[in-house]
Amino acid sequence: MKEPVLTVRNLNSWYEEKQGFAFGKQRFTETKLTKRQVLHEVSFEMAEGEIVGLVGESGCGKSTLAKTILGMVKDKDGAVHIASGRPQMVFQDPYSSLNPAYKIGWILEEPLRLKGGYTKSRRQEKVMEMLARVGLSPEIAERYPRQLSGGQRQRVCIGVALMQQPGLLIADEAVSALDVTIQKQIIDLLLKPHEEMSLAILFISHDLRVVYRICDKVLIMKEGRIIESGTPQEIYFQPKEEYTRTLLEAAGIHIK
Ligand SMILES: Nc1ncnc2c1ncn2[C@@H]1O[C@H](COP(=O)(O)OP(=O)(O)O)[C@@H](O)[C@H]1O
Ligand SMILES: [Mg+2]
């Protein structure tokens with residue numbers, strides 16, 4: 001069997017929090033740093049080309065898991081093993097992940113400049129290819145992020161991610177802020193490289209319907225723990241946990 005693209009074993013992570021204490025009629029306050037554990041013993045694997053859905057209510061630790069996998073949370077223990085290269089990330093708010101000072105062409109070219117080994121004309125050629133691939137017209141290269149719609153911006157973010165030929169993409173609520181019709185287009189756009197280049201996708205979403213449609217495997221997270229995992233059929237038709245049932249019911253999905 002092939003090596004998994006991502007292996008996560010007994011991952012724990014903590015955030016530091018400032019806590020204020022008031023003494024003697026609040027005349028004297030003291031702040032103290034305390035650690036709060038967000039992830040608890042998270043373990044799972046992702047195979048090449050697999051789409052894994054991560055669902056759970058807001059604040060349960062989904063984004064923290066993504067950040068911890070990417071090495072953006074320093075206080076952690078456990079193991080994260082990524083088979084090849086750095087995973088790429090697509091976020092809910094494409095505006096904040098695009099530098100407003102630069103034109104789209106420049107933004108798409110940046111990963112190639114950083115990587116090196118491309119002539120300027122080859123880079124520009126690749127930018128044009130990528131624009132076509134993510135369904136944007138060539139003149140978009142000359143525009144700034146603020147001159148694009150939300151859907152177009154998310155296409156650019158996906159283009160930037162794909163430029164780096166990742167084996168793994170983490171999409172954190174990547175379509176949650178978009179209209180339903182645009183959502184569908186962006187999901188189709190993510191599914192294309194998934195099929196063409198066996199791109200594995202960790203699809204973080206609170207939309208259980210979308211997850212059911214596109215994922216091979218579903219992880220249910222509650223309070224920083226993966227409490228249940230399985231195929232969409234298992235999770236949606238034979239949920240083991242009461243919490244999973246509650247999530248499904250809240251999404252208007254009724255199981256017998
Ligand atoms: N940078 C941070 N510092 C301290 N606490 C954080 C930070 N980011 C998130 N949290 C807290 O960690 C918990 C999990 O947050 P998050 O991973 O963003 O949840 P989700 O993505 O599932 O909505 C929440 O209680 C949140 O308030
Ligand atoms: Mg989140």
Side-chain angles (χ1 to χ4, degrees), residues 6 8-21 30-44 46 51-80 82 87-98 150 153-154 157-158 161 168-178 182-183 186-187 190 200-212 214-215 217-230 232 235 239 241-251 253:
L6 173 69
V8 174
R9 282 283 166 266
N10 304 101
L11 191 63
N12 294 291
S13 76
W14 294 262
Y15 285 127
E16 264 183 359
E17 276 180 344
K18 279 202 184 82
Q19 271 191 343
F21 296 94
E30 183 188 312
T31 51
K32 194 174 114 182
L33 281 179
T34 54
K35 276 194 192 183
R36 190 164 61 89
Q37 185 165 1
V38 177
L39 298 183
H40 300 262
E41 299 293 317
V42 172
S43 297
F44 68 99
M46 283 180 68
I51 304 187
V52 175
L54 173 64
V55 299
E57 64 192 345
S58 174
C60 72
K62 303 182 296 298
S63 296
T64 301
L65 177 56
K67 288 181 198 155
T68 311
I69 290 170
L70 290 170
M72 291 155 68
V73 176
K74 61 175 197 315
D75 218 343
K76 61 157 194 268
D77 70 27
V80 173
I82 298 157
Q88 290 301 310
M89 186 102 187
V90 181
F91 297 95
Q92 172 166 359
D93 175 12
Y95 197 61
S96 62
S97 41
L98 297 175
R153 286 200 283 259
Q154 202 54 296
C157 291
I158 292 168
L168 171 63
L169 185 82
I170 302 179
D172 189 359
E173 303 280 4
V175 298
S176 305
L178 304 169
I182 311 289
Q183 265 191 18
I186 298 295
I187 287 166
L190 285 173
I201 304 175
L202 179 59
F203 190 81
I204 301 177
S205 177
H206 62 267
D207 187 335
L208 283 113
R209 288 171 190 276
V210 174
V211 168
Y212 182 77
I214 70 167
C215 295
K217 199 164 89 186
V218 183
L219 309 172
I220 305 287
M221 180 175 263
K222 182 191 180 194
E223 292 163 10
R225 290 185 170 81
I226 306 289
I227 58 154
E228 183 165 10
S229 67
I235 297 287
E241 298 292 328
E242 197 48 46
Y243 179 74
T244 308
R245 289 174 180 272
T246 313
L247 281 182
L248 290 166
E249 272 161 28
I253 301 167

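One-based numbering, in listed order, for ligands and for the atoms of each. Position 1 is the first residue of the sequence, and the numbers go up from there.
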| Minimum-distance pair of heavy atoms, taken over all atoms of S97 and C157 | OG-SG, 3.7 Å
| field | Single hit among V80, V8, T64 for side-chain contact (heavy atoms from CB on, under 4.5 Å) with V42 | value | V8
| message | With a 4.5 Å cut-off on side-chain heavy atoms, are S176 and H206 touching? | response | yes
| request: Report yes if some heavy atom in the side chain of E173 is under 4.5 Å from a heavy atom in the side chain of K62; otherwise report no. | output: yes
| Pairing residues for A251 by the side-chain contact (heavy atoms from CB on, under 4.5 Å) criterion, not counting sequence neighbours | L208, I253
| task | Select all protein residues for which some heavy-atom-to-ligand 1 distance is less than 4.0 Å, and list them by chain and number. | result | Y15, R36, V38, E57, S58, G59, C60, G61, K62, S63, T64
| query | For S43, which residues count as a side chain to side chain donor-acceptor pair (under 3.5 Å) partner, sequence neighbours excluded? | reply | none
| request: Check each of D77, L39, V73 against W14 using the side-chain contact (heavy atoms from CB on, under 4.5 Å) test, and report the only one that passes. | output: D77
| task | Pull up every protein N/O/S atom sitting under 2.8 Å from the Mg ion (ligand 2), skipping waters. | result | S63 OG
| S229 to L219 - nearest heavy-atom pair and separation | CB-CD2, 3.6 Å
| So do the side chains of P87 and L70 get within less than 4.5 Å of each other, counting heavy atoms only? | yes
